[in-house]
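Remember, predicted model here, so these are calculated numbers, not experimental data.
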Amino acid sequence: MSAVLSETQEPRASLAQRVLHEVFGYTRYRGAQQEIIEHVVAGGDALVLMPTGGGKSLCYQVPAIVRHRGGQGVAVVVSPLIALMHDQVGALHELGVSAEFLNSTLDGDEARQIERELLAGRLVLLYAAPERILTPRFMAMLSSLHERHLLSLFAIDEAHCVSQWGHDFREEYLGLSALHERFPGVPRLALTATADEHTRADIIQRLKLEEARLFVASFDRPNIRYTIVEKDDPKKQLLRFLRDEHDGDAGIVYCQSRKRVEDTAAWLAAEGLTALPYHAGLDADTRRRHQDRFLREDGVVMVATIAFGMGIDKPDVRFVAHLDLPKNIESYYQETGRAGRDGLSADAWMSYGLADVVNQRRMINESEAEEGFKRLQRTKLDALLALAEAHDCRRVRLLSYFGEESPPAAGPPQGGRSPLGGQGAHEVPTVGARYSCGNCDNCLHAPATWDATEAARKALSCIYRFRQAGGQRYGAGHLIDVLRGKATEKVAQHGHERLSTFGVGAEVSEGQWRLVLRQLIALGHVQAEGEFNTLALAETAREVLRGEVPVRLRVPAETKARGKATREKSARGSPGKPPPLPLDAAATACFAALKAWRAEVARGHNLPAYVVFHDASLAEMAREQPATLEQLAGISGVGAKKLEAYGAEILRVLATAAA
């Protein structure tokens with residue numbers, strides 16, 4: 001065992017600080033980490049809400065090491081994904097920490113050897129899935145450890161999975177309350193990146209954490225740029241985004257269906273990108289191979305359903321794109337949070353349209369869930385739609401959803417003029433009146449808006465006239481044809497050219513009409529029903545018809561001139577390409593040499609490159625040019641074990657590259 005893991009009599013708070021530096025290579029905590037770690041080290045229970053990339057794992061890894069040194073045995077980490085277990089255990093081995101996992105990838109002899117290490121109390125951390133932990137065999141091992149005072153703590157990762165209100169409910173998590181009942185006195189730490197008030201309350205109740213201390217870190221990820229665009233040939237929009245902003249970068253593209261995943265991955269591959277599909281319908285070997293390539297190779301785009309992503313530790317994901325609307329803000333936030341875990345600039349890009357709104361509402365309405373659950377899901381969807389349709393700062397809306405106030409304004413108010421002209425075009429100070437984050441589409445380029453109240457009234461009136469004329473319901477396409485006065489065969493067949501609403505909206509484009517209908521459905525004034533998504537008036541439509549509710553719409557972002565994204569890219573810099581710190585030509589050469597060396601080490605250890613060292617650490621080495629081991633020890637991310645294992649080689653690489 002490494003010398004940095006030997007027992008010590010120093011106070012636990014200072015020991016935790018020393019572990020942070022000597023084992024992990026960091027000189028200071030981030031955010032609430034210190035308070036959380038000291039609370040858990042002292043034996044307290046905690047519920048920790050911290051965004052993806054915020055450093056949640058340190059909140060249980062440091063206490064596990066400190067308590068193990070104090071003779072308190074093994075920390076058991078509940079983790080739902082095999083990939084996460086493998087990565088975290090591999091990273092801990094690189095740090096010289098005795099950690100293992102128990103899962104289905106092990107053969108019988110390997111599993112029995114790890115169980116012997118566990119029962120002997122020699123492990124610092126053991127990772128296992130909830131269904132394994134709750135087996136009689138595993139619980140018996142835990143009982144043996146508990147009787148000998150060798151259970152140091154339980155860390156329950158992805159704790160939102162225990163909640164029926166959460167976005168990723170997993171039934172096997174429900175049994176984890178047994179840990180409190182069977183092993184009282186063992187501190188428990190539940191961690192999640194996303195949980196609204198309903199989900200938090202459910203986690204506390206189901207895991208029996210009523211006495212636990214709640215830690216809520218800021219949900220702000222200032223390095224992520226949020227952009228939401230209206231669908232207009234979404235695959236081409238996606239390709240333009242990837243080529244203009246993220247050529248050669250690693251990223252994730254989320255789609256709603258398996259077929260859409262496979263079609264999109266094949267199309268991107270045909271366009272010359274390294275794109276792979278991932279969904280639950282693929283066989284396990286294919287999923288494993290694709291995930292390994294994504295983790296270990298540069299520039300891979302994973303096209304996936306939500307089956308992919310939870311627990312992925314890859315820090316240099318430069319973008320997360322959604323081709324379809326997620327179910328709620330929790331899902332959106334969790335998925336976008338997989339970008340930019342290294343703190344460097346990253347993008348969260350989403351396209352959505354009328355069909356997304358209709359499909360999500362239909363899935364909720366046709367589900368077999370209880371009405372109370374459906375009602376909450378509609379409320380969550382409404383919040384996401386409000387985010388998508390917003391004219392003001394996206395970040396403010398995200399933070400307020402999780403109960404967090406906005407930080408001070410980052411920029412001056414901005415306004416815009418509608419490029420559409422005609423009805424409703426005018427100057428609007430829509431963004432930044434209260435806050436400008438400076439890193440979302442609305443704050444960077446204030447969207448022009450137009451007053452769509454009259455257009456909305458015309459659309460609602462036309463739906464009402466359909467019912468009067470024959471009681472039938474029609475879809476959005478036919479409604480728009482009637483409003484624009486288009487003499488189609490269907491219009492003639494039903495005699496709708498005689499309606500008073502025929503042609504009343506001829507001056508509004510088809511695209512604008514779709515925006516109007518999407519907003520009316522999003523706000524619940526219009527309902528899309530049945531297999532063919534025919535439109536009907538909701539009770540609240542009366543308020544709009546009477547002019548009591550104004551309707552303001554944004555001008556579609558995609559009407560901006562082509563080439564703007566490219567110009568923005570050149571001003572901002574491609575986030576995945578340059579080193580993370582400003583480097584001159586000589587340092588850039590050193591950075592490239594260090595990356596090549598790291599790739600060889602990672603291949604030799606069968607690990608993703610970022611487990612060896614993050615880009616940020618390599619860039620700091622290249623910039624600072626340490627010439628001695630002592631100087632190298634001052635680089636962030638260089639702990640004692642890595643200094644011992646790699647220090648001499650790093651100094652050699654730096655000297656050779658600088659020569």
Side-chain angles (χ1 to χ4, degrees), residues 230-232 352-355 357-358 361 382 385-386 388-392 415-431 433 442 446-469 473-488 491 494-528 533-559:
E230 295 80 7
K231 280 186 175 177
D232 179 17
Y352 89 112
L354 178 60
V357 180
V358 171
R361 287 207 182 278
D382 288 344
L385 293 171
E389 297 284 357
H391 314 145
D392 53 2
R417 175 180 292 276
S418 167
L420 297 180
Q423 179 181 356
H426 65 293
E427 292 284 340
V428 187
T430 51
V431 177
N442 285 351
T449 63
W450 62 293
D451 185 350
T453 305
E454 281 305 307
R457 294 175 69 189
K458 289 174 181 178
L460 296 174
S461 179
C462 194
I463 295 171
Y464 178 73
R465 300 296 173 200
F466 285 160
R467 187 172 181 180
Q468 277 191 322
R473 293 174 177 173
Y474 301 89
H478 181 66
L479 174 64
I480 292 170
D481 286 343
V482 173
L483 288 166
R484 299 192 70 221
K486 195 172 180 180
T488 67
V491 167
H494 295 282
H496 287 166
E497 74 279 2
R498 296 190 296 273
L499 293 179
S500 61
T501 50
F502 183 76
V504 295
E507 77 282 8
V508 180
S509 71
E510 181 177 340
Q512 284 177 280
W513 275 122
R514 290 196 174 275
L515 289 176
V516 172
L517 292 175
R518 189 177 72 210
Q519 179 85 338
L520 290 174
I521 294 171
L523 294 173
H525 301 312
V526 172
Q527 297 170 342
N533 296 324
T534 56
L535 305 178
L537 299 182
E539 186 65 30
T540 57
R542 298 175 186 272
E543 300 169 359
V544 181
L545 279 166
R546 290 196 295 259
E548 297 171 359
V549 176
V551 178
R552 273 209 103 62
L553 300 182
R554 58 185 293 129
V555 173
E558 288 298 307
T559 60

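Nearest approach of Ala459 to Leu517, heavy atoms of both residues: CB-CD2, 4.2 Å. Counting all heavy atoms, side chain and backbone alike, Ile521 lies closest to Val358 at CD1-CG2, 3.9 Å. Taking all atoms of both residues into account, the shortest heavy-atom contact from Val551 to Gln519 is CG1-CG, 4.1 Å. When every heavy atom of Leu545 is checked against every heavy atom of Ser461, the shortest pair comes out as CD2-N, 3.8 Å. Residues Cys462 and Thr501 share a closest heavy-atom pair of SG-OG1, 3.3 Å. Summarising the geometry of Ala456 relative to Val544, their closest heavy-atom pair is CB-CG1, 4.1 Å, with the distance given to 0.1 Å.
Ionic pairing of Glu539 and Arg542 is present here: one or more N-O contacts between side-chain nitrogen and carboxylate oxygen are shorter than 4.0 angstrom. Salt-bridge annotation for Glu548 and Arg457: absent, with no side-chain N of the basic residue lying under 4.0 Å from a carboxylate O of the acidic one.
Phe502 places none of its side-chain heavy atoms less than 4.5 Å from the side chain of Arg465. Arg552 has its side chain within reach of Asp451: a pair of non-hydrogen atoms, C-beta onward, lies under 4.5 Å apart. Within the 4.5 Å cutoff, side-chain heavy atoms of Leu515 are placed close to those of Glu230.
No side-chain donor-acceptor contact under 3.5 Å links Thr449 and His391. In the model, Gln512 has a side-chain atom that pairs as donor or acceptor with a side-chain atom of Ser509 under 3.5 Å.
Between atom CZ of residue Arg546 and atom CG of residue Leu460 there is a gap of 12.0 Å, rounded to the nearest 0.5 Å. Taking CD from Gln468 and OG from Ser500, the interatomic distance works out to 8.5 Å, rounded to the nearest 0.5 Å. Remark: Asp232 CG to Arg514 CZ distance equals 11.5 Å, nearest 0.5 Å. In this structure, the separation between CH2 on Trp513 and CG on Asp481 is 12.5 Å, given to the nearest 0.5 Å. Going from atom CG of Leu520 over to atom CD1 of Ile463 covers 7.5 Å, rounded to the nearest 0.5 Å. Atom NE2 of residue His525 and atom CG of residue Leu535 lie 14.5 Å apart, to the nearest 0.5 angstrom.
The side-chain contact (heavy atoms from CB on, under 4.5 Å) check on Arg473 picks up Glu529, Thr534, Ala536, with sequence neighbours excluded. For His496, the ring-ring contact (aromatic ring centres under 6.0 Å, His included) partners at least two apart in sequence or on another chain are Phe466, Tyr474, His478, His494.
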Check against side chain to side chain contact (heavy atoms under 4.5 Å, CB included), Glu507 and Arg484: CA-CA 7 Å; Glu507 77 282 8; Arg484 299 192 70 221; over 6 Å; no
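In this structure, Asn442 contributes its side chain and Ala390 its backbone to a donor-acceptor pair below 3.5 Å.
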